[in-house]
Amino acid sequence: GAYFLDKIEDGLWRLEVMPDAIRVDNPFGRNSLDKKVAVINWETHEMSVDLKNLGKDFSIEALNEGNLFSTQVDGNSFKIRPGSYMLSWRGIAKNWSRTDAFKTNKLNDFYAPKSNVENTYLNHIPKDEISEETPLIISTDFISELPPKELMVLGNNGPGTYFNIQMQSDGKYHYSAEIPTEYMHVGFLNYNIVATFEDDSQITYPSGKEGNLYDWDFYDRKSYEVAVVAQENPIYLFNAIDDSELLVQVWRQSFKLVPTKNYHQAEYQMNIENLFVLDIENLNANPIYDYSFKHFIIDKIRERKEDLSLKKELIFFGRALNNKSCKLQIALVMDDGSSFGKVIDVGTEIGEYKLNLNDLRPVKTVTLPRPYPSFLPYFLEHDLNSKFDLSRVESIQFSIGPEIPNNELGDSHGIGIVNISLE
């Protein structure tokens, strides 16, 4: 939780510690007053305070009403729970009272919401894929009213490759385990996470049901799954059927996801009737004939970072709409905001359109999502001189507008995207 340190006088500091606020659901999804996205938990944590004005082995005294917590300082470290406290230089005379004035209140004032961890929560997002012979780090946040005795990862990557690995805790609701390379051969790695409590009761995930995966009557045995792929496999940065809802874009009514003739494949069709749309809140703005959108790919890059040096081309699989070709600029945006891209001519036939990574050059970065107020710059203004580094890429930016002839800027344009990959 948050904490506050206020100097009262030399050698005397007031410390206020708030309880932990722990996210248990997506705060950016569709929300409701009935949906809980975070919980409050009062917990004891290790803390260190290093102040020349306080020294070492200082004393700590609880201030707020009903706070009976007592702790010892070792050097400048101690355990602490939510509440208000007075930290005093060792040996300093006590010349204060808990009810002394402090700012607009009193020294012993404290308010915080009570713990409301009523259920057990496991926040875990499995990786989509990982390179062969690369250790897999499985991490999760686990929140419960009483901490678990242990968390175990139970899994396999085919017959004869079963493993049970205990997860390690950092003491802050976060647990992790490393699956060694001996299990990371090409295939599908499946695993479950089993939480065991002090009374030996268990919960198995992802089902979230009580019991152990190996119990004879445990019927919901679905598991997490990670594809372990060969290094030469493409790295898919965007797949329409899975990722179209994740695009950072200004939505148009003409956009839609359409199945292709291939099984479990779709095309995201984006018809742009007008590249420039008048902004009623910025009527005097110079018109910019550009429609840009982007997709964050940092996780997809990170999961295959060992294979990046093998990738030479960026491949757009899709087509142009409206029975005419379309100029599409594709750019890779690095972690400092600089972009490197190139314009490709996308034809009306669905197929592969390739960009050599060595041909990418600095291009303008569009500020996406668009800021408000809308008179703020459309393009990111910077003086960066970074060199392109694939390992530092965070997102991919698509722009319709660059290199389109002036006499065609007022026309409609459109593309259909099936997927984007590195090969």
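- Looking at Ser84, its side chain never comes within 3.5 Å of a backbone N or O of Phe110 through a donor-acceptor pair.
- Within the 3.5 Å criterion, the main-chain N or O of Phe238 finds no donor-acceptor partner in the side chain of Asn419.
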Exercise. What's the verdict on side chain to side chain contact (heavy atoms under 4.5 Å, CB included) for Trp96 and Glu61, showing C-alpha distance, side-chain angles and the deciding distance?
Worked result: CA-CA 12 Å; Trp96 54 270; Glu61 182 176 341; 3.7 Å; yes
For this session: Report the C-alpha separation of Arg319 and Thr348 in whole Å, then their side-chain angles, then the decisive distance to 0.1 Å, and conclude whether the side chain to side chain donor-acceptor pair (under 3.5 Å) test is met.
Result: CA-CA 5 Å; Arg319 62 175 177 137; Thr348 56; over 6 Å; no
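- For Arg23 (side chain) and Asn123 (main-chain N/O), no donor-acceptor pair under 3.5 Å exists by modelled atom type.
- With sequence neighbours left out, the ring pair (Phe, Tyr, Trp, His ring centres under 6.0 Å) criterion links Tyr175 to no other residue.
- Counted within 6.0 Å of CG on Asn323, heavy atoms from surrounding residues, nucleotides or ligands total 12 or fewer; the atom is thus considered open.
- In this structure the side chain of Met167 never reaches within 4.5 angstrom of the side chain of His174, judged on heavy atoms.
- The environment of CD in Glu65 is sparse: at most 12 heavy-atom neighbours from other residues, nucleotides or ligands sit within 6.0 Å.
- A donor-acceptor distance shorter than 3.5 angstrom exists from the side chain of Tyr353 to the backbone of Gly347, with no hydrogens or angles considered.
- Here the closest heavy-atom approach between residue Leu380 and residue Gly337 is recorded as CD2-O, 3.6 Å.
- Heavy atoms of other residues, nucleotides or ligands lying less than 6.0 angstrom from NZ of Lys172 number 12 at most.
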For this session: Could you please spell out the steps behind the side chain to side chain contact (heavy atoms under 4.5 Å, CB included) verdict for His45 and Val17?
Result: CA-CA 10 Å; His45 289 300; Val17 178; over 6 Å; no
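- Residues Ser169 and Phe142 form no side-chain contact, since every pair of their non-hydrogen atoms from C-beta on lies 4.5 Å or further apart.
- Scanning all heavy atoms of the two residues, the minimum distance from Gln168 to Gln166 falls at NE2-O, 3.6 Å.
- Shortest non-hydrogen contact noted between Gly401 and Leu275 is CA-CD1, 4.2 Å.
- No option in Asn157, Ile130, Val228 other than Ile130 meets the side chain to side chain contact (heavy atoms under 4.5 Å, CB included) test with Leu136.
- Counting non-hydrogen atoms of other residues, nucleotides and ligands closer than 6.0 Å to CD1 of Ile280 gives a total of 12 or fewer.
- Note that CG of Leu87 and CZ of Arg14 are 11.0 Å apart. Values are rounded to the nearest 0.5 Å.
- Here the side chain of His264 pairs no donor or acceptor atom with the backbone of Ile241 at under 3.5 angstrom.
- With contacts defined as side-chain heavy-atom distances shorter than 4.5 Å, the pair Asn192/Tyr224 does not qualify.
- To the nearest 0.5 Å, the span separating CG on Leu63 from OH on Tyr85 amounts to 9.0 Å.
- Between the side chains of Ser292 and Ser399, at least one donor N or O sits under 3.5 Å from an acceptor N or O.
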Exercise. Asp336 and Arg392: salt bridge (charged side-chain N to carboxylate O under 4.0 Å, His left out), yes or no, with the steps?
Worked result: CA-CA 9 Å; Asp336 63 358; Arg392 292 176 54 194; 3.5 Å; yes
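- Other residues, nucleotides and ligands contribute over 12 non-hydrogen atoms within 6.0 Å of the CD atom of Glu150.
- The shortest side-chain heavy-atom distance between Phe163 and Glu182 does not fall under the 4.5 Å cut-off.
- Looking at Val49 and Trp13, their side chains never come closer than 4.5 Å, going by heavy atoms from C-beta outward.
- Between Glu46 and Ser77, some side-chain heavy-atom pair lies under the 4.5 Å cut-off.
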For this session: Kindly determine whether Lys103 and Asp6 satisfy salt bridge (charged side-chain N to carboxylate O under 4.0 Å, His left out), including the steps that lead there.
Result: CA-CA 10 Å; Lys103 297 184 178 179; Asp6 288 278; 3.0 Å; yes
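- Between Thr99 and Asn108, the closest heavy-atom pair is CG2-ND2, 4.2 Å.
- The shortest distance between side-chain heavy atoms of Phe218 and Asn212 does not fall below 4.5 Å.
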For this session: Please lay out, stage by stage, how Asn41 and Tyr173 fare under the test side chain to side chain donor-acceptor pair (under 3.5 Å).
Result: CA-CA 11 Å; Asn41 194 35; Tyr173 312 104; 3.0 Å; yes
For this session: List the steps and the verdict of salt bridge (charged side-chain N to carboxylate O under 4.0 Å, His left out) for Lys387 and Asp389.
Result: CA-CA 6 Å; Lys387 292 184 178 180; Asp389 183 349; over 6 Å; no
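- A 4.5 Å side-chain heavy-atom check between Asp200 and Lys149 finds at least one atom pair inside the cut-off.
- Counted within 6.0 Å of CG on Asn31, heavy atoms from surrounding residues, nucleotides or ligands total more than 12; the atom is thus considered enclosed.
- Counting heavy atoms of neighbouring residues, nucleotides and ligands inside a 6.0 Å radius, atom OH of Tyr214 exceeds 12 of them.
- From Ile420, atom CD1 reaches atom CD1 of Ile297 across 10.0 Å, with rounding to the nearest 0.5 Å.
- For Tyr205 and His124, the distance between ring centers is not under 6.0 angstrom.
- Rounded to the nearest 0.5 Å, atoms CD1 (Ile143) and CG (Leu122) are 8.0 Å apart.
- With hydrogens and angles disregarded, a donor-acceptor distance shorter than 3.5 Å links the side chain of Ser254 to the backbone of Asn271.
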For this session: Apply salt bridge (charged side-chain N to carboxylate O under 4.0 Å, His left out) to the pair Glu273 and Arg252, showing each step before the final yes or no.
Result: CA-CA 9 Å; Glu273 295 181 0; Arg252 301 281 179 92; over 6 Å; no
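- Between Lys52 and Trp89, the shortest heavy-atom contact is O-CZ3, 3.2 Å.
- Between Phe255 and Tyr291, the ring planes lie perpendicular to each other; the angle is over 60°, past the 30° to 60° tilted range.
- A donor-acceptor pair is defined here as one N or O able to donate and one able to accept, closer than 3.5 Å; no such pair exists between the side chain of Gln202 and the backbone of Val194.
- Here the CG atom belonging to Asn64 is positioned 13.5 Å from the NZ atom belonging to Lys106, to the nearest 0.5 angstrom.
- The distance from the CD1 atom of Ile315 to the CD1 atom of Ile235 is 11.5 Å, given to the nearest 0.5 Å.
- With Thr204 contributing its side chain and Gly211 its backbone, the two residues share a donor-acceptor pair below 3.5 Å.
- Counting non-hydrogen atoms of neighbouring residues, nucleotides and ligands closer than 6.0 angstrom, the CD atom of Glu178 exceeds 12 such neighbours.
- Screening residues 300-309 for salt bridge (Lys or Arg N to Asp or Glu O under 4.0 Å), with sequence neighbours left out, gives Glu129-Arg304, Asp243-Lys300, Asp299-Arg302, Arg304-Asp307.
- Using a distance-only test at 3.5 Å, with no hydrogens or angles considered, a donor-acceptor pair links the side chain of Gln397 to the main chain of Lys364.
- In plain terms, the two heavy atoms of Trp42 and Pro82 that are nearest each other are CE3-CB, 3.7 Å.
- Without hydrogens or angle criteria, Thr367 side chain to Tyr378 main chain gives a donor-acceptor distance under 3.5 Å.
- In this pair, Phe293 and Phe398 present their aromatic rings parallel. The plane angle is below 30°, not in the 30 to 60° band.
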